[in-house]
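Below: one structure, written as structure tokens.
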Amino acid sequence: MTAQIIDGAALARSLRTGFKQRAESLAARGHRPGLAVIIVGENPASKVYVRNKLKACEEAGFHSLLIERPAGISQTDLLTLLAGLNADDAIHGVLVQLPLPAHIDAHRVIEAIDPAKDVDGFHVANAGALMTGLPAFPPCTPAGVMEMLKSAGISPEGRHAVVMGRSNIVGKPMAMLLLQAGATVTICHSKTVDLGAITRQADILVAAVGRTKLVTPNMVKRGACVIDVGMNRDANGKLCGDVDFAGVADVAGWITPVPGGVGPMTIAMLLSNTLKSAESHV
Ligand code: GUN
């Protein structure tokens, strides 16, 4: 293996220690940071993600509120719930875990979150702020990736960054953050022709597609930094990313593991955004 591993779990742990101190200082002044998480239905992966988010909140000394609703909840009831959280002074961050059941319009729900409490950074006001370079809550996963690059001493400036995936949660905001950091950015997606020809140009390759072992060693330039955002289960139910880790680690200069890579950083950035929100409400 030639690649250096960027250890997201260790980086997240060290960031969370700092967050805990900031939370304690806010709590001492009567402003404990508070995060509300809404989960609708019984999606097992969503339940695990939400549990991990709330656990991290508790460990950092935040106030956390878990709101579980059945898959059959009406959109109106969900919007009413959000209006209550928007008005609640003890809550600085509101997160609705996605995906939502098909009968609910996820866009309508996200737009009902107060942008000042939208710690996921999914509201159009925050997405637009990111696009135009104004301060905003950056979406947690891409923000976590930027922190990982920084920790590894990799500056995107002047580099070719290739983002695989065009979702609103990861691909698009990831491209924006890399662009803002001075990279030349290419976004690939399911309709891209000759994916490998593009990924082989990448100095920084971010895989956010959701397909096990999509990224093989022949798709990676020697010495590149490969960031794996994938969270998939293989045939044995084992958690794995979008990158063939063992193969690509022999070609890349840096690589992130799954688990223990981007996942813990997503949670750390959620805490960071919630703290930022709480600090701005003091
Ligand atoms: N579903 C998958 N990732 C996320 C995320 O970062 N936030 C929310 N709210 N839902 C998700």
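Predicted model only: the values in this text are computed from it and were never measured. Both ligands and their constituent atoms are indexed starting at 1 by order of listing.
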- Task: Mind jotting down which residue pairs meet the ring-ring contact (aromatic ring centres under 6.0 Å, His included) criterion with at least one end in residues 76-106? Sequence neighbours excluded, please.
- Result: H92-H281
- Heavy-atom contacts under 4.0 Å to ligand 1, chain-then-number order, include exactly K53, L95, V96, Q97, L98, D120, F122
- Note on the structure: So ring-ring contact (aromatic ring centres under 6.0 Å, His included) across residues 18-59, not counting sequence neighbours, yields none
- Task: Can you sort out the partners of H107 under ring pair (Phe, Tyr, Trp, His ring centres under 6.0 Å), two or more places apart, ordered by chain and number?
- Result: none
- Give a yes or no on whether a salt bridge exists between D242 and K213, defined as a side-chain N under 4.0 angstrom from a carboxylate O. no
- Note on the structure: Per side chain to side chain contact (heavy atoms under 4.5 Å, CB included), I255 is matched among I6, D250, V248 by V248
- Taking only Lys NZ, Arg NE, NH1 and NH2, and the carboxylate oxygens of Asp or Glu, determine whether K20 and E59 approach each other closer than 4.0 Å. no
